[in-house]
> 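One structure follows; several queries about it will come next.
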2 protein chains.
Amino acid sequence: MTHHSDQRAYFFKIDTTIKKIRNALQKRLNEAGIDLTVDQWVLIDHISRDEGTSQNSLAEVTYKDPPTVTRIVDLLEKKGLVERRMAAGDRRKFNLFLTAKGESTYTKAFPIVAEIRRIGWGDLSEADYQQFVRLMDSIYNNFSDKE
Amino acid sequence: MTHHSDQRAYFFKIDTTIKKIRNALQKRLNEAGIDLTVDQWVLIDHISRDEGTSQNSLAEVTYKDPPTVTRIVDLLEKKGLVERRMAAGDRRKFNLFLTAKGESTYTKAFPIVAEIRRIGWGDLSEADYQQFVRLMDSIYNNFSDKE
DNA sequence: CACCAACTATTAGTTTACTAATAAAATTTG
DNA sequence: CAAATTTTATTAGTAAACTAATAGTTGGTG
């Protein structure tokens, strides 16, 4: 891209778009009376798909930091949605599980998240999705490559 | 887009990409010894382009909330980079200006931000940029339309 | 075996985002 | 003009991201 006056725009567009998505999802969760933040949903989603996972493993797959995961798991535990169990064979680790209440919350939240995904994607096509992935991966990798 | 197993991916890709960009920029600013966060940079960039702007106006153009702007301006004022002056004719408002130190910091940070933009965009083309804008605007507007 | 390095999770401190409530000032309306 | 509404900015509280430091545990190596 040559140096146009709008060269600032791509950071900004990504930033405002992700904020818009997060806010829309949070609003729907609130309206549905589901006591979950977006990031809390991200964690229970991953725990549900990989019961017994450790916190560091969760941090890795969600691209969150270990301290952030610690705090979100604290909140989820306090709400009674997630349970920490000592890992057999490694006393440093916890294995994470959804409680019955956690499962039920997950089940209630899932269709709302799916709906927001649908709304956001609108009538964009599969070809659009491939473009999207190509562009995002390209930007991402441009930073991974150099250092 | 039909319901593939990767349908979760687009939220996630946007989120991880913006994090990557922010972290890369923050790292370069730190390495250059510039005492600015990314969001602080966003504000002084806008103040520099529109000297005397108000906080609410800044909030609008940056898509930040008024309380967030209040706090970031507090920090910038504490660092001596920005000055609040009472607005003539409206005692609720402040007009915001960069101090000499603020100008100098802005001048030092600018090329670093430009470099990060260049690195992130890599060898993507002008046509890619148009695709990018189309996709992002589409997702964004899909949420704006239906409330 | 003892030491050293790596790993897992936590704590602490700073920054930003969002909501809700509030103070003060300006504008509109009856 | 007086009252109600709107606007501008702030404060307070909760949540999340990042860094740095630390405790406790594990595994490897001399």
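First the proteins, then the strands, lettered A, B, ... as listed; each starts at 1.
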> Closest heavy-atom contact between A/Met86 and A/Asn95?
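What the structure gives for the nearest pair is O-OD1, 4.0 Å.
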
> Base, sugar-phosphate or nothing for B/Asp65? Non-hydrogen atoms, less than 4.0 Å.
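Base: the residue B/Asp65, judged by heavy atoms under 4.0 Å, touches a nucleobase.
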
> Which nucleotide wins on minimum distance to the side chain of A/Leu75, given the candidates C/dA6, D/dA16, C/dT15?
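Output: D/dA16.
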
> Roughly, in whole Å, what's the span from CG in B/Leu25 to P in D/dA17?
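Roughly 19 Å, once rounded to whole Å.
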
> Is a donor-acceptor contact shorter than 3.5 angstrom present between the side chain of A/Arg92 and the base of D/dT25?
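Flag set: donor-acceptor pair detected.
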
> Distance check: side-chain N/O of A/Asn23 vs OP1/OP2 of C/dC18, anything under 4.0 Å?
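Yes, because at least one side-chain N or O of A/Asn23 sits under 4.0 Å from OP1 or OP2 of C/dC18.
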
> Determine the interplanar angle of the A/Trp41 and A/Phe110 rings, folded into 0 to 90°, and report it as parallel if under 30°, tilted if 30 to 60°, perpendicular if over 60°.
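Aromatic pair A/Trp41/A/Phe110 classed tilted.
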
> Take atom CG of B/Asp15 and atom C1' of C/dA17, then tell me their distance rounded to the nearest Å.
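One finds 13 Å between C1' of C/dA17 and CG of B/Asp15, rounded.
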
> From the set D/dA9, C/dT10, C/dT11, return the single nucleotide nearest to any side-chain atom of A/Arg71.
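From the listed options, C/dT11 comes nearest.
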
> Side-chain N or O of B/Thr70 versus OP1/OP2 of D/dT10: is the shortest distance under 4.0 Å?
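Answer yes for this pair, as a side-chain N or O of B/Thr70 is under 4.0 Å from OP1 or OP2.
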
> Rounded to whole angstrom units, what separation is found between the CG atom of A/Asp74 and the P atom of C/dT11?
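The answer, rounded to whole Å, is 7 Å.
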
> Rounded to whole angstroms, how far apart are CG on B/Leu29 and P on C/dT15?
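My rounded result for the distance is 15 Å.
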
> Give the C-alpha distance, both sets of side-chain angles, the deciding distance and a yes or no for salt bridge (Lys or Arg N to Asp or Glu O under 4.0 Å) between A/Asp74 and A/Arg84.
CA-CA 9 Å; A/Asp74 283 349; A/Arg84 279 178 170 108; 3.0 Å; yes

> Can you check whether A/Arg91 has a side-chain N or O nearer than 4.0 Å to OP1 or OP2 of D/dT26?
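True: A/Arg91 side-chain N/O within range (under 4.0 Å) of D/dT26 OP1/OP2.
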
> Do any side-chain nitrogens or oxygens of B/Thr37 fall under 4.0 Å of OP1 or OP2 in C/dT16?
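Affirmative; the distance criterion is met.
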
> Hey, is the side chain of B/Arg84 poking within less than 4.0 Å of OP1 or OP2 on D/dT10, counting only N and O atoms?
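For D/dT10, OP1/OP2 do have a side-chain N/O of B/Arg84 under 4.0 Å.
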
> Please determine whether a side-chain nitrogen or oxygen atom of A/Gln40 lies at a distance below 4.0 Å from atom OP1 or OP2 of D/dA16.
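Yes, within the criterion.
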
> What contact category does B/Arg22 fall into here, base, sugar-phosphate, or nothing, at under 4.0 angstrom with non-hydrogen atoms?
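Result for B/Arg22 = nothing.
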
> Return the nearest nucleotide to the side chain of B/Thr68; candidates are C/dA9, C/dC18, C/dA25.
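Selected nucleotide (nearest to the side chain): C/dC18.
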
> Measure from CZ on A/Phe94 to C1' on D/dG24 and round the result to the nearest Å.
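It works out to 11 Å between those atoms.
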
> Would you mind telling me which residue lines up with the more 5' stretch of DNA chain D, A/Ile72 or B/Val73, judged by nearest nucleotide?
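Nearest nucleotide further toward 5': that of B/Val73.
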
> Test B/Arg117 against B/Ile21 for side-chain contact (heavy atoms from CB on, under 4.5 Å), laying out the working first.
CA-CA 9 Å; B/Arg117 270 200 298 261; B/Ile21 295 172; over 6 Å; no

> Please check the phosphate of D/dA9 (OP1 and OP2 only) for any side-chain N or O of B/Lys93 closer than 4.0 Å.
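Answer no for this pair, as no side-chain N or O of B/Lys93 is under 4.0 Å from OP1 or OP2.
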
> Determine, for B/Lys79 against B/Glu77, whether the closest basic-nitrogen to carboxylate-oxygen distance falls under 4.0 angstrom.
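The answer is no: the pair does not qualify as a salt bridge.
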
> Could you please name the option among D/dA9, D/dA16, C/dT16 that lies closest to any side-chain atom of A/Lys64?
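The closest nucleotide is D/dA16.
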
> Quick one: A/Ile18 CD1 to C/dT16 C1', roughly how many Å, whole number?
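It works out to 16 Å between those atoms.
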
> Between B/Gln26 and D/dT19, is there a contact of a side-chain N or O with OP1 or OP2 at under 4.0 Å?
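B/Gln26 to D/dT19 OP1/OP2: no side-chain N or O under 4.0 Å.
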
> Within this structure, what is the CG-to-C1' distance between A/Asn56 and C/dT8, rounded to whole angstrom?
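Those two atoms, CG and C1', are 5 Å apart.
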
> Test salt bridge (Lys or Arg N to Asp or Glu O under 4.0 Å) on B/Glu103 and B/Lys101; report intermediate values, then the result.
CA-CA 5 Å; B/Glu103 295 281 3; B/Lys101 188 177 170 192; over 6 Å; no

> Please state how far atom CD in B/Glu77 lies from atom P in C/dT15, giving the value in whole angstrom units.
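Between P of C/dT15 and CD of B/Glu77: 15 Å.
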
> Mapping B/Tyr63 and B/Lys79 to their closest nucleotides on DNA chain C, which lands nearer the 5' end?
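Taking each residue's closest nucleotide, the earlier one in sequence belongs to B/Lys79.
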
> Taking the minimum atom-to-atom distance to the side chain of A/Pro67, which one of D/dA16, C/dT11, C/dT8 wins?
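Looking only at heavy atoms from C-beta outward on A/Pro67, the closest nucleotide is C/dT11.
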
